[in-house]
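Have a look at the structure below, then the notes.
A, B, ... follow the sequence lines: proteins, then strands. Residue 1 opens every chain.
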Amino acid sequence: MKLYNTITGRDEEFVPVGDKVKMYVCGITPYAPCHMGHAMSYVIFDVLRRYLEFQGYEVEHVQNFTDVDDKIIQRAQEEGVCPQELAERHIQEFMDSMGALNVKSAGVYPRATQEIPHIIEVISSLIEKEYAYAVEGDVYFRVTKDRDYGKLSHRTLEGMIAGARVEVGAGKEHPMDFVLWKAAKKGEPSWESPWGPGRPGWHIECTAMSLMYLGETLDIHGGGLDLIFPHHENETAQSESYTGKTPFVRYWVHNGLLQMGEDKMSKSLGNLVSLEDALNQYSPDALRIFFLGSHYRSPLTYSEEGLSATERAAERLRNVMRGSTESSADSLDPLPYKQRFLQAMDSDLNTPQALAALFDLAREINRAMESGQGVSQAQKTLEKLGGVLGLTFHRPQKKSAEGEAKPFIDLLISMRTDLRAARQYDMADQVRSRLDELGVVLEDTPQGTLWKYK
RNA sequence: GGCGACGAUGCCAAGUGGUCUAAGGCGCAGGUCUGCAAAACCUCUAUUCGGCGGUUCGAAUCCGCCCGUCGCCUCCA
């Protein structure tokens, strides 16, 4: 398959180094609930992983938690809890939400706070190799020592300084030098180190963790576009300086950002829709179709109208799975649709086109079913390919009521069936419309009356 | 200021030199089916791709300029 590589700016044929694909996806800093932007990014990388697995690769997927940082400390103080507790709570929420979204679990979820010795080891080695220097308890990375600094984000030190928004930190040799180890201030969580008590800076944890769990060369490193600079730039600088090996990452994959009206959705702008709220309102399939309906590198704008439209689209796909006719000699052949799907996915994960193929297949199945053609094989194909996009074709079960109300609803339906048989349509229609008001939708089919919650 | 992206039908959104009178989804309208609905299916909904020039036998697709919107350069998926 072709994948767009941020560092070269081109589509490249994806070939992993070994027989297993090493994929590292930047995780969250767990100081606040996840929002739709996170969901979008992780759904995209979930689809990339599922597609690679579909193609027969084994994927070693690692996703970190940066569970110590300024924001966590600050938020914990505001809430009067300790930082670990706050982080733990949001990590748990994250895992629950990802499960609800049908995002496959990474093999390992390392946490910054649990890799401190390794982080210290990497920093020490960078100092030894003169890629880093300590100043009063802080340690900085020396960007001027790294010849190709800026290669990922395609910028130069001069260009960045011209931006004039860089902070000339006390003790920094160069304004762009960034911190590897932060000396502890009073009341902050800290660990002992050769440079005094402190904690890791942002970026270094990913270097330490990816080296630890995947080795010196990653096949794929992913994250949002907003991580390219400074996070991934710094990460690659550190990693390659530490190992002496290039490239640290063979394919850099970045997704476009979710916009909220005019701006991007982000914690700092406070214009977010929490994933939890969205999951309460829309099915996981609908959310996924919404994200995958535009190409992963394009920005996508959140909208209620868009989501409700996608919910109806998801419902259509579900309906295709309701009935079936056994495959026979003149059955619907799903192969052309499968080929279209694969071709789309091979072309830098073109999920909008892949989805288009699935919707066309869905229509053909409905059509064939009406004309009595066999469709069970085609349905299996649809389910399997949809599965590559992480679609379940299930409507989420309403929490409690479903089971309890079922016998009563079934009873009403059977009475209504009798009324209809007796041609008492007024009464029958009344049952249907009263149930509708209660959120239960009836549908009369040749096989009997089906019902579902709205 | 530097780097980059985008501008398409009522809305969302693929396509990046001819097969495009532009995929797919949602919506709208008409029809089939149905006791009526619902679901499903059929038909319909951009001769046109921000504007102006240019390259080419040929451009939504390449180049230039202009207008508009956005992202990164600072914490961020």
Looking at every strand, decide which applies to [X] at a 4.0 Å heavy-atom threshold: base, sugar-phosphate, or nothing.
X        : answer
A:Gly222 : nothing
A:Tyr425 : base
A:Glu305 : nothing
A:Ala356 : base
A:Ser298 : sugar-phosphate
A:Gly306 : nothing
A:Tyr42  : sugar-phosphate
A:Arg75  : nothing

Could you please name the partner base of [N], counting Watson-Crick and G-U wobble pairs only when both distances are under 3.5 Å?
N     : answer
B:A40 : B:U32
B:G58 : none
B:G17 : none
B:A23 : none
B:A5  : B:U69

Could you give the [atom1]-to-[atom2] distance, from [X] to [N], as a whole number of Å?
X        : N     : atom1 : atom2 : answer
A:Arg297 : B:C72 : CZ    : P     : 17 Å
A:Phe341 : B:A23 : CZ    : P     : 21 Å
A:Gln259 : B:C70 : CD    : P     : 9 Å
A:His231 : B:C75 : NE2   : C1'   : 12 Å
A:Leu358 : B:A14 : CG    : P     : 16 Å
A:Gln353 : B:C20 : CD    : P     : 14 Å
A:Arg432 : B:A39 : CZ    : C1'   : 12 Å
A:Met160 : B:C72 : CE    : C1'   : 12 Å

Query raised in the report: Between A:Asp360 and A:Arg363, does at least one N-O distance fall below 4.0 Å, as a salt bridge requires?
Result: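 Answer for the salt bridge query: yes.
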Result of checking [options] against [X] for side chain to side chain contact (heavy atoms under 4.5 Å, CB included):
X        : options                               : answer
A:Ile220 : A:Leu52, A:Val249, A:Val25            : A:Leu52
A:Arg199 : A:Asp70, A:Thr113, A:Ile119, A:Ile116 : A:Asp70
A:Val320 : A:Leu358, A:Ile365, A:Leu361          : A:Ile365

Report task. Answer yes or no for A:Arg316 and A:Phe359: cation-pi contact, defined as NZ/CZ to six-membered ring centre under 6.0 Å and angle to ring axis within 45°. Result -> no
Requested in this report: Establish, yes or no, whether the cationic atom of A:Arg420 lies under 6.0 Å from the six-membered ring centre of A:Tyr425 and within 45° of the ring axis.
Outcome: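 No, a cation-pi geometry is absent between A:Arg420 and A:Tyr425.
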Requested in this report: Record whether the side chain of A:Asn350 comes under 3.5 Å of the base of B:G15 through a donor-acceptor pair of N or O atoms.
Outcome: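 Checked by distance alone, the answer is no.
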Requested in this report: Please confirm whether any donor atom in the side chain of A:Asp69 sits under 3.5 Å from an acceptor in the base of B:C75, or the reverse.
Outcome: no
Any side-chain N or O of [X] below 4.0 angstrom from OP1/OP2 of [N]?
X        : N     : answer
A:Arg363 : B:A40 : no
A:Asn366 : B:A39 : no
A:Arg420 : B:U34 : no
A:Asn319 : B:A39 : no
A:Arg316 : B:C26 : yes

Requested in this report: Determine whether A:Glu443 and A:Arg322 make a side-chain contact, defined as any pair of heavy atoms from C-beta on separated by less than 4.5 Å.
Outcome: yes
Query raised in the report: Where each residue is assigned the nucleotide of RNA chain B containing its nearest heavy atom, which of A:Lys452 and A:Arg423 is assigned the position nearer the 5′ end?
Result: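 By nearest-heavy-atom nucleotide position, the 5'-most residue is A:Arg423.
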Query raised in the report: Distance between the P atoms of B:A5 and B:A39, in whole angstroms?
Result: 43 Å
Requested in this report: Flag as yes if A:Phe359 stacks onto the base of B:G24 (centroids under 5.5 Å, planes under 30°), otherwise no.
Outcome: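 No, aromatic ring not over the base.
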